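Have a look at the structure below before the remarks.
Since the model is a prediction, treat every value here as computed from it, not as a measurement. What's counted below: heavy atoms across the whole structure, side chains too, no hydrogens, waters or symmetry copies. A, B, ... follow the sequence lines: proteins, then strands. Residue 1 opens every chain.
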Amino acid sequence: MKTLSVREQFEILSQGVLDLVTPDDLLAKLEKSNQTGKPLLIKYGADPSRPDIHLGHAVCFLKMRQFQDLGHEVVFVIGDFTARIGDPSGRSAVRSPLTKEEVEVNARTYKEQVDKILNPAQTRVVYNADWLEPLTLREVVRLGAQFTVAQMLERDDFQKRFAGKVPIYLHEFIYALMVAYDSVALNCDVEMGGGDQLFNFLVGRDLMRCFGQEPQVCLTMPILEGTDGQAKMSKSMDNYIGVTDSPEQIFGRVMSVPDEVMGHYWTYLNLATPAEWARLKEGIDREVLHPRTVKLDLAQRIVTWLHSAEEGKRRREEFEKVFTRKEAPSEICERVVSLPLDLASFLVSEGLVESKSEVRRLLKQAGIRLDEQPIPYSEHPTLNQFQDGAVLRVGKKKFLRLRKA
RNA sequence: GGCGAGGUACCCAAGCGGCCAAAGGGGUCUGACUGUAGAUCAGCUGGUGUAAUGCCUUCGGGGGUUCGAAUCCCUCCCUCGCCA
């Protein structure tokens, strides 16, 4: 397809991947597609109970986009079957089952976000309940007969939990089989996901063989660290940057990423080639480039990508204004208030602070300011006067402009 | 089915009749320093507030003993392990 040779396609597609099982299979599939003119089917399993897409997902989507640009087709498998059953194993969160309607709403939200990165014309959405629901117990048991418990326990996650005496539920094995069966149902060519999915993908590969299909290529991408630089990016860790977050949020969150993982953001998100990043890194190490500047560039690039060049520039200026020069942001929510103002109740009702006790705590620690002057602690903090347009600031990031009635 | 070990706040984990809103660590948050990074230091970390040895909620659920229970008893639920 297009003007690129199979070899060139392969080079592009295999760049930056974490696992590729196997390179030869991918080459063969590309070759076949090239000859028959039939696009490859790229599968991606989406969890409809978590419709928020963040930069961690984007690492995969960008790779999928490359496939699309080479003429291939992406299929999102919405895991509505499992979502509608619910997952009782979650120790922390009790994942309650979703209704059909909720799944549909989430799937639509999902698609909208995905369209920011992928080409909608080459993106298909399917629901796995369509083929999982009709399976009989007989068929499920037969699927189970293809694998041994020892094979299942090979999965890193299971192994750790088993060793750590953390419960592993039987249905988790079954879920792994179902993900694999999705691949059979679709007869897909490539399955894509994060590095932690490799095991599931390999199960799919084996299962396809059992069904006499050409086994899928398993392609995983490196996991992007969250803004804490530690755990992988995820909503539950609250260390994520959503693709639909506001430009301001995105910019701020990127700036809070530790320097050590900044390179991953640059390279995993295709904002720099490894060579380009190496050059930036060298500049930082030789102290000709300030790491902050490199991060500002990064934040600007990401905002530009997910919003617009104009926003990117604006956000950068705004950031420098607020945090480098410590000025108030140019856009602040305004509230008309009347005096005297019960500060604690006001801050809580405005949602700036969780509770009145916290207001007290913040006051004690000089964390609430009026026009950059810390408000002194008192048991019943009351504002008796202020200049019209004065700026109330809570911590580093929350601002509110006060207007007189 | 039998035996044993467990279930404590956002997470890990101590406590095992009152001084327990519950040690310690991690994380969050605030302040200093700074580059809204990291490191470091200091502080905070259930709510309410006539400010207090007060009240309400919180030590798996329910019930009981007691002036008083995270702590003792009963019962139920759940997890882990060993043996069947």
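Residues passing the salt bridge (Lys or Arg N to Asp or Glu O under 4.0 Å) test with A:Glu372, sequence neighbours excluded: A:Arg393. Residues satisfying the ring pair (Phe, Tyr, Trp, His ring centres under 6.0 Å) test with A:Tyr268, not counting sequence neighbours, are A:His264. Qualifying side-chain hydrogen bond (donor to acceptor under 3.5 Å, both in side chains) partners for A:Lys321, counting only residues two or more places apart in sequence or in other chains: none. Every residue two or more places apart in sequence or in another chain that forms a side-chain hydrogen bond (donor to acceptor under 3.5 Å, both in side chains) with A:Arg316 is listed here: A:Asp297, A:Gln300. Applying the side-chain hydrogen bond (donor to acceptor under 3.5 Å, both in side chains) rule to A:Asp182 yields the partners A:Asn128, A:Trp131; only residues at least two apart in sequence or on another chain are considered. Judged as a side-chain hydrogen bond (donor to acceptor under 3.5 Å, both in side chains), and not counting sequence neighbours, A:Thr227 has no contacts.
Rounded to the nearest Å, the gap between the P atom of B:G62 and that of B:A69 is 15 Å. Spacing of P atoms, B:A70 relative to B:C20, comes out at 12 Å, to the nearest Å. Across B:A23 and B:G43, the matching P atoms stand 16 Å from one another, rounded to whole Å. Across the P atoms, B:U30 and B:U75 are found 50 Å apart, a figure rounded to whole Å. With both ends at atom P, the span from B:G60 to B:C16 equals 16 Å, rounded to whole Å. Spacing of P atoms, B:G26 relative to B:G38, comes out at 15 Å, to the nearest Å. Rounded to whole Å, the C1' atom of B:G7 lies 15 Å from the corresponding atom of B:G15. Using atom C1' as the reference point in both B:C76 and B:U66, the two lie 23 Å apart (nearest Å).
A:Glu139 places a side-chain N or O within 3.5 Å of a backbone atom of A:Thr136 that can act as its donor or acceptor partner. Judged by distance alone, with hydrogens and angles left aside, the side-chain atoms of A:Lys100 form no donor-acceptor pair with the main-chain N or O of A:Asp80 at under 3.5 Å.
Of the residues in residues 322-329 of chain A, those lying under 4.0 Å from RNA chain B by heavy-atom distance are A:Phe323, A:Thr324, A:Lys326. RNA chain B lies under 4.0 Å from at least one heavy atom of each of the following residues of residues 344-369 of chain A: A:Ser355, A:Lys356, A:Ser357, A:Arg360, A:Arg361, A:Leu362, A:Gln365, A:Ala366, A:Gly367, A:Arg369. Contacts between residues 274-292 of chain A and RNA chain B, defined by a heavy-atom separation below 4.0 Å, involve A:His290, A:Pro291, A:Arg292, listed by number.
Classified by interplanar angle (parallel below 30°, tilted 30° to 60°, perpendicular above 60°), the ring pair A:Tyr175/A:His171 is perpendicular.
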Dump the pairs, protein N or O against N or O of nucleotides 77-84 of chain B, anything under 3.5 Å, distances to one decimal.
none

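Counting to the nearest Å, the P atom of B:U34 and the NZ atom of A:Lys295 are 17 Å from each other. Atom pair A:Asp342:CG and B:U50:P shows a separation of 12 Å (rounding to whole Å applied). Remark: P of B:A51 and OH of A:Tyr377 are 12 Å apart, rounded to the nearest angstrom. Atom pair A:His380:NE2 and B:U48:C1' shows a separation of 11 Å (rounding to whole Å applied). Atom pair A:Ile241:CD1 and B:A37:C1' shows a separation of 13 Å (rounding to whole Å applied). For A:Gln230 and B:G27, the CD to P distance is 8 Å, given to the nearest whole Å. In this structure, the CZ atom of A:Arg253 is 14 Å from the P atom of B:A37, given to the nearest Å. Distance CD (A:Glu372) to C1' (B:G31): 13 Å, rounded to an integer number of Å.
For B:C20, there is no paired base (Watson-Crick or G-U wobble, both distances below 3.5 Å). Pairing of B:C80, defined by two Watson-Crick or G-U wobble distances under 3.5 Å, is identified with B:G4. Nucleotide B:G43 forms a Watson-Crick or G-U wobble pair with B:C29, both donor-acceptor distances falling under 3.5 Å.
Of the charged side-chain nitrogens involved, none lies within less than 4.0 Å of a carboxylate oxygen, so that A:Arg314 and A:Glu317 do not count as a salt-bridged pair. For A:Glu318 and A:Lys313, the salt-bridge test fails: no basic side-chain N is under 4.0 Å from an acidic carboxylate O. A salt bridge links A:Arg124 to A:Glu73: at least one charged side-chain nitrogen sits closer than 4.0 Å to a carboxylate oxygen.
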Exercise for the section: Evaluate the criterion side-chain hydrogen bond (donor to acceptor under 3.5 Å, both in side chains) for residue pair A:Asp69 and A:Gln66; output intermediate values, then yes/no. Expected result: CA-CA 5 Å; A:Asp69 290 343; A:Gln66 291 180 335; over 6 Å; no
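Heavy atoms of other residues, nucleotides or ligands lying less than 6.0 angstrom from CD of A:Glu11 number more than 12.
Comparing A:Asp228 and A:Pro258 by the nucleotide of RNA chain B whose heavy atom lies nearest to each, the residue mapping closer to the 5' end is A:Asp228.
Residue A:Gly252 is classed as a base contact, given a heavy-atom separation below 4.0 Å to a base.
Sorted by first and then second residue, the pairs that involve residues 197-214 of chain A and meet side-chain hydrogen bond (donor to acceptor under 3.5 Å, both in side chains), not counting sequence neighbours, are A:Asp25-A:Arg205, A:Lys29-A:Glu214, A:Lys32-A:Glu214, A:Arg155-A:Asn200, A:Gln197-A:Asn200, A:Asp206-A:Arg209. For residues 214-252 of chain A, every residue pair satisfying the ring pair (Phe, Tyr, Trp, His ring centres under 6.0 Å) rule, not counting sequence neighbours, is listed here: A:Phe251-A:Phe319.
Remark: the A:Asp259 side chain and the B:G35 base include a donor-acceptor N/O pair separated by less than 3.5 Å.
The phosphate of B:U30 (OP1 or OP2) has no side-chain N or O of A:Lys398 nearer than 4.0 angstrom.
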